[in-house]
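Take a look at the structure below.
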There are 2 protein chains.
Amino acid sequence: MEKIEIPDSIRCELEEKGGIDGIIESLPDNQKLKDIVSIARALSDPVRVRVLFALSVQPMCVCLLVAMTGYAYSKMSYHLSILKEGGLIYSRQEGNYLIYYPTDQGREIVERIETL
Amino acid sequence: MEKIEIPDSIRCELEEKGGIDGIIESLPDNQKLKDIVSIARALSDPVRVRVLFALSVQPMCVCLLVAMTGYAYSKMSYHLSILKEGGLIYSRQEGNYLIYYPTDQGREIVERIETL
DNA sequence: TTGCAGTTTCAAAGAGGTTTGAAATCATGG
DNA sequence: CCATGATTTCAAACCTCTTTGAAACTGCAA
């Protein structure tokens, strides 16, 4: 697998690191990769970033999020479901309302983004 | 804007925070939002996460990345361009080769992901 | 039990991202 | 200047994500 022409400057450093195979081994494993991508996907739409940040200031029912953004319920529901899949928010029924909260991971990520 | 029915538990906390308008003001501004989304989008494909992590171990020419992943040049080039747009990597010509490096921001982000 | 407010689900349409192979570009060595 | 290897660009096909409105579901109160 190592029979490829590359600049000397790189060949040298590369061999110290175990060649291509050494690098491949140091990469995140498949589960970790899935988690990263799922979180990134959750954050790759401005609607969802706003919602996550808003919820990390103040947990809210869907109707409040709808009032805040002006989006349709079904649209908001769709975006909430992706944030949920990414493990960034969760919901609890309270009476007639569903209240959404950031998870610990959601808060952690908001924090890391804020200090970027 | 505040004439909406919401559970008391939330109405109360919400008012302390300046109501809906208070929360909207605390959200990331449009430029910040664009930056976040652009970075998240760059990380929302496993190909690109792998490439970014690999480059942060060892800067590489495209041919090495192609050898490492088995992808076509054009495909690799496409993904590199998105990582570049996100400000996560940059390239320098060296002889016949284009070498890709992580930017400071790219390294920072890899670090924050690794310690998540 | 009926009705209603809050919310999700669904399917279809629309928009945007990814892959592919062929052609263009660009630096280097002859 | 020409040929070559490295890489990008391009357009078409393909696939996935997002939006939309209508219908279904859920918990509560009458």
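Here is the naming used below: chain letters follow the sequence lines, and residue numbers restart at 1 for every chain. Computed over heavy atoms, backbone and side chain alike; hydrogens, waters and symmetry mates excluded.
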> Which residue lies toward the 5' end of DNA chain D, A:Gly95 or A:Arg48, if each is placed at its nearest nucleotide?
Replying inline: A:Arg48
> Taking the side chain of A:Tyr78 as heavy atoms from C-beta outward, which of D:dT19, D:dA6, D:dT8 is closest to it?
Replying inline: D:dT19
>> Please report the distance, rounded to the nearest Å, between CD in B:Glu94 and P in D:dT7.
In response: 11 Å
> Quick one: is D:dT16 close enough that its OP1 or OP2 comes under 4.0 Å of any side-chain N or O from A:Arg41?
Replying inline: no
> Which part of the nucleic acid, if any, lies within contact of B:Tyr97, taking any heavy atom under 4.0 Å across all strands shown: a base, the sugar-phosphate backbone alone, or nothing?
Replying inline: sugar-phosphate
>> Between the side chains of A:Arg112 and A:Glu108, is the shortest nitrogen-to-carboxylate-oxygen separation below 4.0 Å, so that they form an ion pair?
In response: yes
>> I want to confirm an ordering. Mapping A:Leu80 and B:Gln93 to their closest nucleotides on DNA chain C, which one lands closer to the 5' end?
In response: A:Leu80
> Whole-Å distance between C:dG17 P and B:Asp45 CG?
Replying inline: 12 Å
> Rounded to the nearest Å, what distance is computed from the NZ atom of residue B:Lys75 to the C1' atom of nucleotide C:dT18?
Replying inline: 8 Å
> Taking atom C1' of D:dG27 as reference, at what distance in whole Å does atom CG of A:Asn96 sit?
Replying inline: 6 Å
> Separation of B:Leu64 atom CG from D:dG5 atom P, in whole Å?
Replying inline: 18 Å
>> Looking at B:Gly95, is its backbone amide N or carbonyl O close enough to the side chain of B:Gln93 to form a donor-acceptor pair, meaning the two atoms are under 3.5 Å apart?
In response: yes
>> Checking contacts here: which listed nucleotide (C:dT7, D:dT7, C:dA5) is nearest the side-chain heavy atoms of A:Cys61?
In response: C:dT7
> Any link between B:Ile82 and B:Ile36 through a network of hydrophobic side chains (Ile, Leu, Val, Met, Phe, Trp, Tyr) touching at under 4.5 Å?
Replying inline: no
> Is B:Val62 reachable from B:Tyr101 through a run of hydrophobic residues whose side-chain heavy atoms are each under 4.5 Å from the next?
Replying inline: yes
> Expressed in angstrom and rounded to an integer, what is the separation of B:Glu5 atom CD from C:dC4 atom P?
Replying inline: 15 Å
> A:Tyr71 OH to C:dG6 P: how many Å, rounded?
Replying inline: 21 Å
> Within the pair B:Tyr100 and D:dA6, is there a side-chain N or O less than 4.0 Å away from OP1 or OP2?
Replying inline: no
> Given atom CG of A:Leu98 and atom P of C:dT9, what is their separation to the nearest angstrom?
Replying inline: 10 Å
> For A:Asp29, does the CG atom sit with more than 12 other heavy atoms under 6.0 Å from it, leaving out its own atoms?
Replying inline: yes
> Is any side-chain nitrogen or oxygen of A:His79 closer than 4.0 Å to OP1 or OP2 of D:dT19?
Replying inline: yes
> Of all the choices, C:dT7, D:dT9, D:dT18, which nucleotide is nearest to the side chain of A:Tyr73 once you look at every atom?
Replying inline: C:dT7
